[in-house]
Amino acid sequence: MIFKLKTSKSTMTLFEEIGSATHLQPFALCKLAMALSLHTSESLKDSDFKVDSDGLELNRQTITGEYDDLFKALIISHTGTNLNDNDYFPKYVKAHIDRGAKYLFLEFKYSNKNFYKHLLELDKGI
């Protein structure tokens with residue numbers, strides 16, 4: 001069983017920029033990125049699994065913690081198929097973090113300095 005993953009270099013760069021402005025640590029940004037990735041109805045594409053691993057090295061316990069079963073259930077629900085533990089972590093978790101980091105960065109840029117409030121209001125719509 002694998003307990004560590006490495007994000008893409010792009011994700012690391014995005015997390016550094018968001019983190020420096022918001023003081024959020026990578027473990028919190030991972031959770032937000034995964035939530036945004038899972039929020040979309042789009043399935044992961046093959047290209048989402050074919051990204052580099054030259055970024056942050058993170059521990060499974062740091063990323064999902066006591067909510068590991070919840071994250072696994074959400075990812076299984078999103079994929080529509082049962083996943084064994086080796087597919088869930090690191091494969092799908094990494095793919096959702098890397099894809100979600102891009103979404104999170106766009107929300108960060110769109111939020112105009114009120115990032116926390118913006119995140120809380122994402123589902124309110126227009």
Side-chain angles (χ1 to χ4, degrees):
M1 188 179 296
I2 300 171
F3 292 102
K4 291 184 180 185
L5 65 76
K6 288 188 85 171
T7 68
S8 70
K9 189 170 188 165
S10 172
T11 295
M12 180 178 72
T13 303
L14 297 175
F15 280 3
E16 286 172 350
E17 185 168 341
I18 298 168
S20 69
T22 63
H23 306 292
L24 290 172
Q25 297 298 312
F27 69 89
L29 294 171
C30 282
K31 290 173 180 68
L32 292 170
M34 287 173 49
L36 288 175
S37 179
L38 290 165
H39 186 267
T40 180
S41 59
E42 295 176 29
S43 298
L44 291 170
K45 300 174 185 136
D46 286 339
S47 60
D48 292 319
F49 296 103
K50 296 177 183 170
V51 294
D52 67 82
S53 294
D54 298 328
L56 299 168
E57 182 175 86
L58 299 164
N59 188 314
R60 182 174 181 166
Q61 180 63 28
T62 303
I63 298 169
T64 59
E66 64 187 271
Y67 302 106
D68 193 61
D69 290 336
L70 174 63
F71 280 106
K72 187 174 182 179
L74 290 170
I75 290 173
I76 287 171
S77 176
H78 191 267
T79 63
T81 185
N82 197 13
L83 300 172
N84 66 42
D85 206 49
N86 290 329
D87 282 337
Y88 160 66
F89 194 96
K91 183 178 178 180
Y92 277 82
V93 170
K94 178 185 176 355
H96 279 292
I97 290 171
D98 287 337
R99 179 173 78 168
K102 296 171 192 166
Y103 297 152
L104 186 62
F105 187 73
L106 292 174
E107 296 299 341
F108 170 70
K109 287 298 187 186
Y110 181 74
S111 68
N112 293 326
K113 309 289 183 203
N114 204 345
F115 184 56
Y116 299 118
K117 183 177 180 185
H118 178 74
L119 287 178
L120 291 171
E121 296 177 349
L122 278 178
D123 275 342
K124 290 187 179 176
I126 297 174

Can you name the nearest heavy-atom pair linking Leu83 to Lys72, along with the distance?
O-CE, 3.6 Å

Side chains of Phe15 and Phe105, heavy atoms from C-beta outward: is any pair under 4.5 Å?
no

Basic-acidic side-chain contact under 4.0 Å: Lys6, Asp52
no

Indicate whether the side chain of Asp123 and that of His39 have a donor and an acceptor atom separated by less than 3.5 Å.
yes

Taking the side chain as everything from C-beta on, heavy atoms only, tell me whether Leu32 gets closer than 4.5 Å to Leu24.
yes

Any side-chain heavy atom of Val93 sitting closer than 4.5 Å to one from Phe71?
no

Between the side chains of Asp98 and Lys94, is the shortest nitrogen-to-carboxylate-oxygen separation below 4.0 Å, so that they form an ion pair?
yes

Of the non-hydrogen atoms in Ala33 and Ile97, which two are nearest, and what is the gap between them?
CB-O, 3.7 Å

A side-chain contact here means heavy atoms from C-beta on lying under 4.5 Å apart; do Leu104 and Leu14 qualify?
no

Would you call Asp48 and Lys45 a side-chain contact if the rule is heavy atoms closer than 4.5 Å?
yes

Is there a side-chain contact between Phe89 and Thr64, using heavy atoms and a 4.5 Å cut-off?
no

Exam field: side chain Thr13 to backbone Lys9, donor-acceptor pair closer than 3.5 Å
yes

